[in-house]
Structures are given as structure tokens and as C-alpha cells.
Number of protein chains: 2
Amino acid sequence: MLERIRIVLIGTSHPGNIGGTARAMHNMGLADLALVAPRCEPLTADTISRASGADHLVHGARTVETLEQAVADCTLVVGASARSRTLPWPMITPRELGERLPKELAGPESRIALVFGREDSGLSNAELQRCHAHVHIPANPDFSSLNLATAVQVLAYECRLAWLAQQESPAPDTEPAQPLASHEELEHYFAHLERTLIAIGFHDPAMPRQLMARLRRLTLRSRPERMELNILRGILSATEKQANGETPVDHGEPDPPA
Amino acid sequence: MLERIRIVLIGTSHPGNIGGTARAMHNMGLADLALVAPRCEPLTADTISRASGADHLVHGARTVETLEQAVADCTLVVGASARSRTLPWPMITPRELGERLPKELAGPESRIALVFGREDSGLSNAELQRCHAHVHIPANPDFSSLNLATAVQVLAYECRLAWLAQQESPAPDTEPAQPLASHEELEHYFAHLERTLIAIGFHDPAMPRQLMARLRRLTLRSRPERMELNILRGILSATEKQANGETPVDHGEPDPPA
């Protein structure tokens with residue numbers, strides 16, 4: 001279970017925090033680290049010092065340019081967020097995250113990303129809206145920003161506790177899972193949805209009014225299966241054809257003989 | 001509740017870890033920090049940097065020479081320990097620590113110390129034997145040593161969750177608590193006990209055979225009330241008098257008239 005949990009750090013500024021993250025991960029039995037557009041050299045003396053023997057996780061980390069690339073294959077993307085945003089998103093506690101893990105990782109293709117933002121500014125709204133849920137570490141409201149590696153430690157700790165509990169108890173009684181849509185499939189769907197809404201004159205990117213954010217939230221909350229997403233994309237394709245003045249497909253009558 | 005939880009760092013070598021501890025504490029709403037014989041200047045540029053705005057906790061920290069001084073007034077002393085020792089001690093998980101807090105802090109004079117050892121060697125056996133219980137953060141057995149400030153974060157996080165849960169639910173149904181013996185009172189008792197055992201020829205400090213450690217463990221496990229400890233000390237005093245050849249107190253007959 002733990003090997004299918006990825007820690008994603010976006011725009012990290014301090015190599016020491018990358019080292020501290022590696023140490024916290026290895027302490028808790030996590031191994032999959034991705035760095036998105038780090039704003040520092042990831043592997044420095046500070047990294048090695050704070051990693052304290054876990055720097056192999058930094059050597060093995062994948063460094064990519066965008067969040068998309070880091071989480072494309074993930075079936076659940078959870079963003080660490082200290083702030084409440086203009087558009088409230090499904091919010092879970094670290095403990096609830098742990099409790100959800102066994103079911104979330106029941107399918108053989110399931111993979112989870114825990115995404116952490118910049119030391120100074122956290123995750124952007126665009127990044128937060130790419131997450132299925134946000135996780136908030138309960139903190140002193142007057143001083144709520146945890147050190148990056150320390151925040152990773154808290155979530156990794158809850159993941160480890162959930163894993164240990166699973167070792168002790170039989171597998172949860174879950175229905176055989178249909179494969180969920182991956183992050184990449186969802187993003188293709190959202191891009192298709194936006195094109196279609198523009199085409200039908202419902203959406204004006206110059207006056208977005210959080211329309212796409214609201215649709216993202218709704219869709220991500222439902223955790224679509226791959227099959228369901230294919231259906232939705234079929235609907236979009238049909239809608240686009242309508243908007244482009246093509247002949248609508250007639251479902252009312254059988255096809256005429258060729 | 002949180003204001004009666006003290007973090008005690010023994011023999012810390014790196015000022016950054018003191019700063020990181022202050023940040024983790026302030027993040028979780030803790031404020032009482034004690035430093036025992038630090039092996040570094042506690043307040044340096046590294047401290048300020050890692051404290052990230054919480055350095056007032058380091059300014060306000062009490063620095064003392066011995067663990068005794070740091071925890072004298074505490075009614076529960078819990079030592080963070082990664083290792084299992086030759087003499088097993090009551091062991092709790094961080095979660096169990098949180099669950100016990102409301103009851104442990106029910107009495108108005110109750111106070112808890114969470115004790116953390118040196119970066120390189122942890123707590124000594126003598127220090128561990130001064131604790132009522134040991135707390136172990138479940139970690140990768142192949143890489144189990146957490147960064148000091150990170151370990152403080154995990155325990156402080158569990159304390160905060162317990163406090164938040166208490167805010168939401170009515171006070172637990174506990175019996176009106178008798179004041180528990182403080183650490184200092186317990187140590188006076190142990191010193192008295194050892195003197196007495198030597199006096200009666202039961203204990204040879206040159207061949208200790210863990211006798212005192214076993215008696216400590218037994219006594220600490222029972223969480224004696226102050227009143228109970230007074231009774232035990234009365235027994236020791238009577239025993240000492242016996243050993244010194246003084247006339248035993250005769251409880252069988254009323255005192256003769258003066």
C-alpha cells in the first residue's frame with residue numbers, strides 16, 4: 001500500500017526541506033518522491049544533511065515541469081492546504097485521509113498523490129482545483145503554516161498508521177472496484193468540457209466566474225470511473241458536433257440499410 | 001489543556017532543531033519549552049530561521065541542568081524512545097498518549113512533560129527510568145530515527161487532536177481526581193526507598209541488578225496519589241527506625257497519659 005503513495009513537492013525553495021521530506025518519507029516507509037519545478041538545486045549538502053541517510057529518495061526522485069506530469073497516473077490527488085479558498089473544496093483531515101487509504105488503494109491500478117506547495121505561498125488556486133480533495137493539518141489559527149518537511153511527516157505518519165492497522169485486520173469488505181479515471185484522463189475531459197462549453201456559447205473564458213472550478217469540484221467529488229468518463233466525453237463530442245452545425249446523430253430510428 | 005503540556009529537550013546539539021521544535025509547538029498551540037543541558041547555543045541564526053516566527057518560545061524557554069529540574073512539578077512524564085530496552089517499560093503510541101490527555105489533565109494541578117533525548121543517542125536508561133511511560137512513534141524498522149523537531153511535531157499533533165476533540169465533546173466522566181504525586185515527590189520517595197533498602201541489607205548499590213529500576217517501573221505504573229506516597233514514606237521511615245535499632249512505634253496500645 002505505502003509504495004503506491006507519492007509525495008509531490010511543487011516549487012520547493014530550500015534543499016534542506018527536500019532532504020527533510022526524504023527523511024520523513026523513509027521514516028514512515030514511503031519511497032515515491034516527485035519534484036515539480038523546484039526553485040533550488042534539489043541535491044546539496046543541506047539536502048544530504050537533513051536527509052540523514054535517506055538521500056537515496058532524492059536521487060531516485062522524478063523531477064518534472066508541471067503538476068500534470070507528476071500526477072498523471074494517480075487516481076486520487078490530495079493537496080495540502082492551510083487556507084480556505086473562495087470556492088470551498090472537499091476538505092479532509094489527515095486522519096480521514098488515513099482512514100480512506102485502504103479503500104482508495106484497493107484497486108490494483110490505484111495510486112495516490114499527496115501534493116505540497118511552495119514554502120512561501122503554498123499551492124495556487126489552479127493547482128488546488130486539480131485535486132480531488134484538500135487536506136488540512138489542524139493548527140493554531142494564529143500560526144498555521146507548518147514547515148514543509150514537517151507537514152509531509154504528519155501526513156506520512158497517518159498513512160503509516162493506516163497501513164499498520166490494515167496489517168492487523170482483514171481486508172475491508174469492498175466491492176470489486178471499477179478502474180477509476182486517472183488524473184490525466186480527467187484533465188482531458190475538463191479540457192474537452194471547456195472547449196464544448198465555449199462552442200455552445202455557455203462559457204466565456206474572458207469572464208470565467210469560477211464556472212470551470214465549480215464543474216471541476218462537482219466532477220472530482222464523484223470520483224468518476226474510466227467508463228463513466230468515456231460516456232461523458234461521448235456526450236461532449238455529440239454536443240460539439242451540434243454546435244458546429246453538423247447533422248445530429250439520430251437515435252430515434254434504426255440506421256437505413258446501406 | 002495544551003498550556004499544561006511541556007516539551008523537554010535533553011542535550012540538544014543543533015540550534016536548528018530547537019527552532020524547529022519551537023515552530024512545531026507554536027503550530028500546534030503548545031508554549032511550554034524546557035531545555036536540559038543543551039550542547040549548543042540555543043539561540044542562533046539557525047534557531048531563528050527554523051523557528052520561522054516562533055522564536056519567542058525559545059526566548060521564553062527555561063534552561064536547566066537536569067531532567068529532575070525540568071519535570072519536578074509534572075504529574076506525568078513521558079519519554080520519547082525509539083528503542084526497546086533491557087527492562088521493558090510501559091509503552092504507549094502517540095495516539096494513546098492523545099487519548100489519555102483529557103483524564104491525565106483533569107486535575108487542576110496536573111502537568112505533563114514530553115521528554116526528547118539527544119539527536120545522536122536519545123535518552124539514557126537512567127532518564128528513561130524516570131518516566132512513567134515511553135512513547136514510540138511507529139516507524140520503518142530499518143530507518144526509525146526521526147528528526148528531533150519532526151518527532152516533537154508528531155506528538156504535538158496528537159495532543160492538539162485530543163484537545164480539539166475535547167472542545168467538541170463534553171468533559172469525560174471522570175471521578176473527582178485526587179492530586180497525583182509530582183515527579184519531585186516520587187523522586188524523594190525513590191531516594192528514601194533506596195536508602196531504606198540499603199539500611200535493611202536488601203539492596204547493594206555495588207550489585208544493583210536492576211532492583212531500583214524494577215521498583216521504579218512498578219511504582220510509576222500505579223500512578224500514586226500524593227496521599228498514597230505519604231503513606232509509603234511513613235512505612236519507609238518506620239522501617240528505617242527498625243534498621244537503626246530504634247524502638248518500633250507500638251500501635252497496639254493507647255499512648256500512656258502524659
Side-chain angles (χ1 to χ4, degrees), chain A residues 2-3 13-14 16-17 19-31 46 49-57 82 93-96 98-99 119-120 136-165 167-168, chain B residues 2-3 13-14 16-17 19-31 46 49-57 82 93-96 98-99 119-120 136-165 167-168:
Chain A
L2 295 179
E3 74 282 3
S13 296
H14 297 292
N17 283 333
T21 293
R23 179 175 185 175
M25 289 175 64
H26 194 31
N27 279 149
M28 296 294 108
L30 303 185
D46 266 2
S49 162
R50 290 277 298 280
S52 197
D55 50 286
H56 60 284
L57 265 70
T93 66
R95 186 138 308 165
E96 287 163 351
E99 288 162 357
E119 286 97 333
D120 49 358
H136 172 64
I137 298 173
N140 179 354
D142 298 331
F143 189 72
S144 64
S145 173
L146 274 68
N147 165 261
L148 176 57
T150 307
V152 171
Q153 172 69 56
V154 171
L155 297 196
Y157 163 73
E158 290 287 0
C159 291
R160 185 169 187 82
L161 290 195
W163 176 72
L164 288 170
Q167 307 301 300
E168 286 167 10
Chain B
L2 294 179
E3 74 282 2
S13 296
H14 298 292
N17 282 333
T21 293
R23 180 174 185 178
M25 288 175 63
H26 194 30
N27 279 147
M28 296 295 107
L30 303 184
D46 265 1
S49 163
R50 291 276 298 279
S52 196
D55 50 285
H56 59 283
L57 264 68
T93 66
R95 186 140 308 167
E96 287 163 351
E99 288 163 357
E119 287 97 335
D120 48 358
H136 172 63
I137 299 173
N140 180 354
D142 298 330
F143 190 72
S144 64
S145 175
L146 275 67
N147 166 262
L148 176 57
T150 306
V152 171
Q153 172 68 56
V154 171
L155 297 196
Y157 162 73
E158 289 287 0
C159 291
R160 184 168 188 84
L161 289 195
W163 176 71
L164 288 170
Q167 308 300 299
E168 285 167 11

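So that the names make sense, note that chain A is the first sequence line, chain B the second, and so on, each numbered from 1.
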Study note, to complete from the structure: Okay, B:I137 and chain A: the region with an atom under 4.5 Å from a heavy atom over there is side chain
Review point. Between NE2 of B:H56 and CZ of A:F143, what distance do you get to the nearest 0.5 Å?
Key: 7.5 Å
Practice item. Would you please name every residue forming a side-chain hydrogen bond (donor to acceptor under 3.5 Å, both in side chains) with A:N27, sequence neighbours left out? Key: none
Exercise for review: Tell me, for B:A54 versus chain A, whether the close heavy atoms (under 4.5 Å) come from the side chain, the backbone, both or neither.
Suggested key: both
Review point. Which heavy atom in B:P138 sits nearest to a heavy atom in A:M28, and how many Å separate them?
Key: O-CE, 3.3 Å
Check your understanding: Side chain, backbone, both or neither: which part of A:S145 has an atom under 4.5 Å from a heavy atom of chain B?
Key -> both
Review point. Contact part of B:R23 toward chain A, heavy-atom cut-off under 4.5 Å: side chain, backbone, both or neither?
Key: both
Practice item. Check each atom of B:L146 against the heavy atoms of chain A and say whether the ones under 4.5 Å are side chain, backbone, both or neither. Key: both
Check your understanding: Given a strict heavy-atom distance threshold of 4.5 Å, which part of B:L161 is in contact with chain A: side chain, backbone, both, or neither?
Key -> side chain
Practice item. List the steps and the verdict of side-chain contact (heavy atoms from CB on, under 4.5 Å) for B:M25 and A:N140. Key: CA-CA 9 Å; B:M25 288 175 63; A:N140 179 354; over 6 Å; no
Exercise for review: Just give me the residue among B:P141, B:P94, B:G16, B:A156 that pairs up with chain A most often, heavy atom to heavy atom, under 4.5 Å.
Suggested key: B:P94
Check your understanding: Do you know which of A:R50, A:Q153, A:R160 has the most heavy-atom pairs under 4.5 Å to chain B?
Key -> A:R160
Point to revise | Distance in Å, A:S52 OG paired with B:E119 CD, rounded so as to fall on 0.5 Å steps | key: 10.0 Å
Review point. For the atom pair CZ (B:R95) and CZ (A:R95), what is the distance rounded to the nearest 0.5 Å?
Key: 3.0 Å
Check your understanding: Relative to chain A, which segment of B:A151 carries a heavy atom at a distance below 4.5 Å: side chain, backbone, both, or neither?
Key -> neither
Point to revise | chain A contact via B:T150 - which portion, at a heavy-atom distance below 4.5 Å | key: both
